[in-house]
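For clarity, every value in this text was computed on a predicted model and none was experimentally measured.
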Amino acid sequence: MGARVSGPAGKGEATVEQNSEINVTPFVDIMLVLLIIFMVAAPIATVSLNLDLPPAKVPPGSVKPKEPVYVSVQEDGKLFLADRETSLDRLAADVCAATGRGAECHAERVFIRAQPEVRYDRFMAVMNGLKSSGFDKVGLLNEDIE
C-alpha cells in the first residue's frame, strides 16, 4: 500500500491519502526477464543429439582398428561409398558389403560427409535412410574450408 502526499503548493499543510493502486512496474520487469529467459532456453531444449564418445583407454597396439565406412554426398545428389558410386536404395546393402561383417554390419560406425553446397533435404535423406536400415552409429564429418 502506498501513500500520496498532496496539498496546495507553498502552504505549510499537506494531506496524506492512501493509494490502493498496485504498482505493476516491478511485475512487468520480472515478466520481461522471464520472457527473455524462456525465449533463449526453448530452442536449446528442443535439440537432442545422442553422442557416442570413444572410450578413454588406448586400444592395444596389436589390434589395428578397422577403416570406417565413409559415405560422401555431392551437390548434385550423387552418393559415393569410398570411391564407388551408389544410390539411396542400395546404400544399406553397400555399407554392409563394405564393412565385411555380414549380419553384424549394423554395429559398425558409418561416417557421412557432404560438400558445403549440398541441400539439407538430400543430406537428411541419406541420414534417415541409414537410420531406418538399422545403422545407429552414424557420425558426421566436417572439413575446414579455407
Side-chain angles (χ1 to χ4, degrees), residues 1-7 9 14 16-146:
M1 183 173 353
R4 183 182 321 161
V5 178
S6 65
V16 177
E17 299 175 11
Q18 282 189 347
N19 180 8
S20 60
E21 295 176 8
I22 297 174
N23 187 3
V24 295
T25 303
F27 178 72
V28 171
D29 291 343
I30 291 171
M31 293 307 293
L32 288 175
V33 169
L34 288 175
L35 177 67
I36 291 171
I37 289 172
F38 286 123
M39 286 174 56
V40 170
I44 294 172
T46 59
V47 175
S48 101
L49 184 64
N50 293 330
L51 295 178
D52 187 15
L53 299 175
K57 60 183 179 179
V58 178
S62 63
V63 177
K64 183 180 178 185
K66 291 184 71 172
E67 185 68 25
V69 178
Y70 294 101
V71 177
S72 300
V73 184
Q74 291 189 345
E75 182 181 359
D76 57 359
K78 292 183 181 178
L79 297 177
F80 285 90
L81 191 64
D83 294 332
R84 295 179 311 159
E85 186 174 356
T86 184
S87 68
L88 193 56
D89 299 333
R90 297 185 326 231
L91 184 61
D94 288 345
V95 169
C96 282
T99 60
R101 291 189 60 183
E104 298 176 3
C105 65
H106 299 293
E108 289 293 321
R109 184 173 307 276
V110 179
F111 289 103
I112 302 175
R113 61 181 161 208
Q115 292 178 339
E117 297 83 18
V118 172
R119 290 183 31 182
Y120 183 72
D121 62 340
R122 290 182 181 161
F123 174 77
M124 285 309 296
V126 174
M127 182 100 164
N128 290 336
L130 287 171
K131 286 281 191 180
S132 65
S133 297
F135 292 96
D136 292 328
K137 295 183 178 180
V138 178
L140 307 177
L141 291 179
N142 180 22
E143 296 181 9
D144 292 334
I145 300 173
E146 295 180 10

From CA spacing to verdict: side chain to side chain contact (heavy atoms under 4.5 Å, CB included), Met31, Val28
CA-CA 5 Å; Met31 293 307 293; Val28 171; 5.7 Å; no
Side chain to side chain donor-acceptor pair (under 3.5 Å) against Asp52, all qualifying residues, sequence neighbours excluded:
Arg109
Residues two or more places apart in sequence or in another chain: which of them pass side chain to side chain donor-acceptor pair (under 3.5 Å) with Arg90?
none
Pairs where residues 112-135 contributes a residue and the test ring pair (Phe, Tyr, Trp, His ring centres under 6.0 Å) is met, not counting sequence neighbours
His106-Phe135
Reported CG-to-CG distance for the pair Leu81 and Leu91, which is rounded to 0.5 angstrom:
6.5 Å
Can you name the salt bridge (Lys or Arg N to Asp or Glu O under 4.0 Å) partners of Asp121, sequence neighbours left out?
Arg119
Nearest heavy-atom approach of Leu88 to Ala125 is CD1-O, 3.8 Å
For Leu141, which residues count as a side-chain contact (heavy atoms from CB on, under 4.5 Å) partner, sequence neighbours excluded?
Tyr70, Phe111, Arg113
Go through the structure and list residues passing ring pair (Phe, Tyr, Trp, His ring centres under 6.0 Å) with Phe80, not counting sequence neighbours.
none
Could you note down all residue pairs passing salt bridge (charged side-chain N to carboxylate O under 4.0 Å, His left out) where residues 127-137 supplies at least one of them, sequence neighbours left out?
none
Thr25: which residues meet the side-chain contact (heavy atoms from CB on, under 4.5 Å) condition with it, sequence neighbours left out?
Asn23, Asp29
Could you name each residue pair satisfying side chain to side chain donor-acceptor pair (under 3.5 Å) that touches residues 73-88, not counting sequence neighbours?
Thr86-Asp94
Counting only heavy atoms not in Ile22 (residues, nucleotides, ligands), do more than 12 fall under 6.0 Å from its CD1?
no
